[in-house]
Amino acid sequence: MEKDYLLGIFKAALSKLGIDNIEDITFESPNNPEFGDIATNIAMQMARELKKNPRIIAQEIIDNLDYNKDVIERVDIAGAGFINIKFSPVFYDVLFEKIRQSGIDYGKQKIGNGIKVNVEYVSANPTGLLHLGHGRNAVVGDTVANLFEWMGYDVTREYYFNNAGNQMNNLGKSIYARYNQIDNPDFPLPENAYHGEYITNIANDLYKSSPTKYKDLEDDSPLHAELIKAGEVWCFEKIKNTLKKLKITQDVFYNEDSLYTEGKVDEVLKTLKEKGLSYEKDGAVWLKLSEMGLDQDRVIVKSTGEATYRLPDIAYHIEKFKRGFDIIVDVFGADHIATIPDVMQTVEHLGYDKEKISVLIHQFVTLTENGKQVKMSKRTGKSYTLDDLLDEVGEDVVRFFFIMRSISTHLEFDLAIAKEQSDKNPVFYLQYAHARACSIFSKANEQGVSLNNDYNYKLLTDEAEVNLIKQLIKFPELISISCDKREAHILTEYLKEVASAFHKFFHNCRILDSEQDIRDARLQLVEMTRIVMKNGLTILGINAPEKM
RNA sequence: GCGCCGGUAGCUCAGCUGGAUAGAGCAACAGCCUUCUAAGCUGUGGGUCAUAGGUUCGAAUCCUAUUCGGCGUACCA
């Protein structure tokens with residue numbers, strides 16, 4: 001906000017010096033407050049080109065700078081040629097009044113302008129329960145989708161799944177074996193069987209309703225398909241239930257199989273052949289990746305006639321383009337990394353803009369407790385599922401822990417801290433700020449005091465107040481940066497700073513027992529903080545409690 | 001071998017497009033509740049930013065090499 005103003009006056013000054021080709025000027029807050037509120041290194045950047053001492057350039061710029069003395073208190077040169085700017089406290093009050101007028105929608109933006117965005121996440125096949133890695137994937141994807149929504153995009157949340165193929169057959173066989181084991185404990189488990197306890201649960205459920213139907217089937221019995229279907233339905237119900245606990249609802253469940261039945265895969269295959277991007281060898285169809293700038297060619301149709309996963313992946317991404325999405329976001333775990341360049345290059349060579357796709361790859365999650373890795377749930381004695389974690393620490397803590405770090409770093413999920421219902425747990429620090437703001441209002445209410453929009457915003461000049469205002473002003477920009485980078489932890493870090501500034505303000509400035517005009521102004525500040533915390537937590541998918 | 005991610009305080013991690021004295025939380029130590037929520041605030045200690053070169057007025061940030069850890073490298077998904 002204040003940067004727009006500065007950009008204007010600096011461009012005008014440069015223009016007077018005969019420089020018009022500067023597009024953007026960087027302004028940033030110096031670490032040390034003595035250097036002012038905001039600084040630019042433009043003079044140093046120009047020094048190279050102009051072959052002049054940066055301090056001299058800085059002086060020339062300042063001499064030509066035409067600014068409002070009510071807004072800017074002082075402008076000076078420091079160090080190698082920084083231009084430091086100090087705003088008057090009143091300027092921040094004016095900015096505060098501006099943002100205050102946006103009220104409860106503060107932070108919502110229209111930049112997205114209804115552009116269609118597809119965010120695909122979770123996308124776990126219905127062969128089992130969600131584990132911790134899926135949890136990180138789910139929360140990262142859902143939060144990025146929220147960010148896009150707040151930026152004014154038209155967001156579709158999508159789940160891509162495959163209910164056919166080897167893994168599903170495997171699921172069916174595993175259920176079949178467990179079912180038969182009920183009456184015949186020696187019945188063998190298939191090779192590569194799924195060993196989770198849930199398989200037994202599914203088998204038990206089937207046994208209860210039909211105790212003989214699936215006994216000793218022939219290999220080609222059509223009933224095997226029913227077993228697979230039963231497994232799929234059971235798993236999906238569990239998965240959706242787990243996601244619901246995380247407050248995640250997706251709009252589209254896209255079935256990979258439809259790419260085959262609707263001929264999309266064949267279409268792609270045909271186009272690849274026409275464009276000379278594929279060839280046949282040893283009875284298989286190969287993708288000519290070596291001609292698309294990659295190391296080696298890969299099989300897309302096996303000699304058995306089945307497609308490998310690359311082919312439907314390519315078809316699926318093309319479908320996303322055809323469905324009219326301008327921004328496509330995929331969220332994957334680090335183990336999925338291999339296929340991405342292949343899909344991207346092929347899509348590009350088929351005439352689609354791969355720059356529209358952003359692939360978010362998050363690193364793995366390790367669950368620890370007191371420095372030791374936790375693999376099994378103490379409660380169930382089985383391997384730790386996302387459900388176990390949710391039951392143990394609650395959805396707010398889970399969501400917060402999964403987005404408080406950059407996605408590119410390995411995430412250590414410390415159960416001991418997560419379980420702690422105290423100040424050690426960072427999620428409470430944010431929620432507490434919100435609850436505190438709310439409690440001030442309930443106290444005010446008791447005293448018959450309410451928010452007065454006729455307040456005098458120029459009274460907010462205490463250091464703690466100005467500091468809080470400075471933080472609050474940044475909210476929309478931080479949402480925007482967070483969305484552009486598809487990194488929710490940037491917003492998380494910001495909210496910590498807002499909370500910190502608010503706690504300091506609360507500590508230093510009395511609110512309800514101050515003089516009436518000061519009280520009114522401060523209450524407005526409390527209200528804006530409450531809104532920023534509430535909206536910020538909403539984007540993160542975390543509850544903002546009114547009491548703690 | 002090759003590709004991707006990471007190596008920053010005792011621990012877990014921030015550090016945006018290179019910028020002025022490298023930050024936070026936890027842990028350790030010392031303070032602040034007769035006053036709007038102490039799940040808070042204030043202060044102290046703690047760092048060869050993995051290593052070595054390079055680019056630059058200026059590097060935790062960019063480049064190269066080395067090293068350690070994770071993941072991947074199928075006619076599996």
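Letters go in sequence order (proteins before strands), and every chain restarts at 1. Remember, it's a predicted structure, so these values are computed and weren't measured experimentally. For the numbers below, each heavy atom of this structure counts, side chains included, while hydrogens, waters and symmetry mates do not.
Searching all strands for a Watson-Crick or G-U wobble partner of B:rC62 with both distances below 3.5 Å returns B:rG54. Pair assignment for B:rA28 gives B:rU44, based on Watson-Crick or G-U wobble hydrogen-bonding distances that are each under 3.5 Å. Under the Watson-Crick or G-U wobble criterion, with both distances below 3.5 Å, B:rG72 is paired with B:rC2. Nucleotide B:rA22: unpaired (no Watson-Crick or G-U wobble partner with both distances less than 3.5 Å).
Counting non-hydrogen atoms under 4.0 angstrom, A:S439 reaches a base of the nucleic acid. Within 4.0 Å of A:C438, counting heavy atoms only, lies no atom of the nucleic acid at all. Residue contacts shown for A:M44 include a base, since a base heavy atom lies under 4.0 Å away. Base engagement by A:A284 is indicated by at least one non-hydrogen atom pair under 4.0 Å involving a base atom. The residue A:N84 sits close to a base: some heavy atom pair falls under 4.0 Å. Counting any heavy atom pair closer than 4.0 Å across all strands shown, A:T339 reaches no nucleic acid atom. Residue contacts shown for A:R298 are limited to sugar-phosphate atoms, with no base heavy atom under 4.0 Å away.
Using a 3.5 Å distance cut-off with no hydrogens or angles, the side chains of A:H336 and A:D330 do not pair a donor with an acceptor.
Counting atom types as modelled, A:Y432 pairs no side-chain N or O with a base atom of B:rA39 as donor and acceptor under 3.5 Å. Between the side chain of A:S303 and the base of B:rC75 there is at least one donor-acceptor pair of N/O atoms closer than 3.5 Å. Not a single donor-acceptor pair, N or O on each side, falls under 3.5 Å between the base of B:rA20 and the side chain of A:N41. Not a single donor-acceptor contact under 3.5 angstrom links the side-chain atoms of A:D335 to the base of B:rG72.
Taking every side-chain heavy atom of A:H410 into account, B:rG70 is the closest of B:rA14, B:rA20, B:rG70. Among the nucleotides B:rA39, B:rG19, B:rC2, the one closest to the side chain of A:M548 is B:rA39. The side chain of A:K424 approaches B:rA27 more closely than any other nucleotide in the set B:rC71, B:rC41, B:rA27. Among the nucleotides B:rU37, B:rA39, B:rG72, the one closest to any side-chain atom of A:F428 is B:rA39. Nearest to the side-chain atoms of A:L512 among the listed nucleotides B:rU73, B:rC36, B:rG19 stands B:rC36. For A:K485, the side-chain atoms get nearest to B:rC16 when compared with the rest of B:rG40, B:rC36, B:rC16. Checking B:rU37, B:rA20, B:rA77 against the side-chain heavy atoms of A:E256 singles out B:rA77 as nearest. The A:I337 side chain lies nearest to B:rG72 when the options are B:rA77, B:rG72, B:rU35. Of the candidate nucleotides B:rU12, B:rA38, B:rC75, B:rU12 has the atom nearest to the side chain of A:R405. For A:R510, the listed nucleotide lying nearest its side chain is B:rC36; candidates were B:rC4, B:rC36, B:rA14.
By the 5.5 Å and 30° criteria, A:Y429 is not stacked with the base of B:rA39. Residue ring and base: A:F364 does not count as stacked with B:rG70 (centre distance below 5.5 Å and interplanar angle below 30° not both satisfied).
The separation of B:rG18 from B:rU37, taken at their P atoms, amounts to 46 Å, rounded to a whole angstrom. With P as the reference atom, B:rC5 and B:rG47 are 31 Å apart, rounded to whole Å. Annotation: B:rA20 and B:rU61 have their C1' atoms spaced 15 Å apart (nearest Å). Between the C1' atoms of B:rA22 and B:rC49, the separation comes to 8 Å (whole Å). The same atom, P, is picked in B:rC16 and in B:rG7; the two are 12 Å apart, to the nearest Å. Comparing the P positions of B:rA9 and B:rG15 gives a spacing of 15 Å, expressed to the nearest Å. Comparing B:rA27 with B:rC41, their P atoms are spaced 13 Å from each other, to the whole Å. One P atom belongs to B:rC63, the other to B:rG46, and the distance between them is 34 Å to the nearest Å.
Here B:rC33 is in the syn range [glycosidic angle within 90° of 0].
The phosphate of B:rA74 has neither OP1 nor OP2 within less than 4.0 Å of any side-chain N or O from A:K302. The side chain of A:H489 places an N or O atom within less than 4.0 Å of a non-bridging phosphate oxygen (OP1 or OP2) of B:rG15. Between A:R436 and B:rA38 there is a side-chain polar atom (N or O) within less than 4.0 angstrom of OP1 or OP2. Taking 4.0 angstrom as the limit, A:K281 places none of its side-chain polar atoms (N or O) nearer than this to OP1 or OP2 of B:rC75. OP1 and OP2 of B:rC5 both lie 4.0 Å or more from every side-chain N or O belonging to A:S408.
For CD of A:E546, the number of neighbouring non-hydrogen atoms (other residues, nucleotides, ligands) closer than 6.0 Å is 12 at most.
Under the 30°/60° scheme for interplanar angles, the aromatic rings of A:Y316 and A:Y254 are found to be tilted. Ring-plane geometry between A:H410 and A:F364 is classed as tilted, the angle between the planes lying from 30 to 60 degrees on a 0 to 90 degree scale. In this pair, A:F27 and A:F10 present their aromatic rings perpendicular. The plane angle is above 60°, beyond the 30 to 60° band.
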Salt bridge (charged side-chain N to carboxylate O under 4.0 Å, His left out) evaluation trace for A:D297 with A:K281: CA-CA 11 Å; A:D297 295 347; A:K281 193 181 97 184; over 6 Å; no

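Whole-Å rounding puts the A:M168 CE to B:rC76 P distance at 19 Å.
For the salt bridge (charged side-chain N to carboxylate O under 4.0 Å, His left out) with A:E465, the lone residue among A:R522, A:K470, A:K504 that qualifies is A:R522.
Using a 4.0 Å cut-off between a side-chain N of Lys or Arg and a carboxylate O of Asp or Glu, A:K320 and A:E158 do not qualify as a salt bridge.
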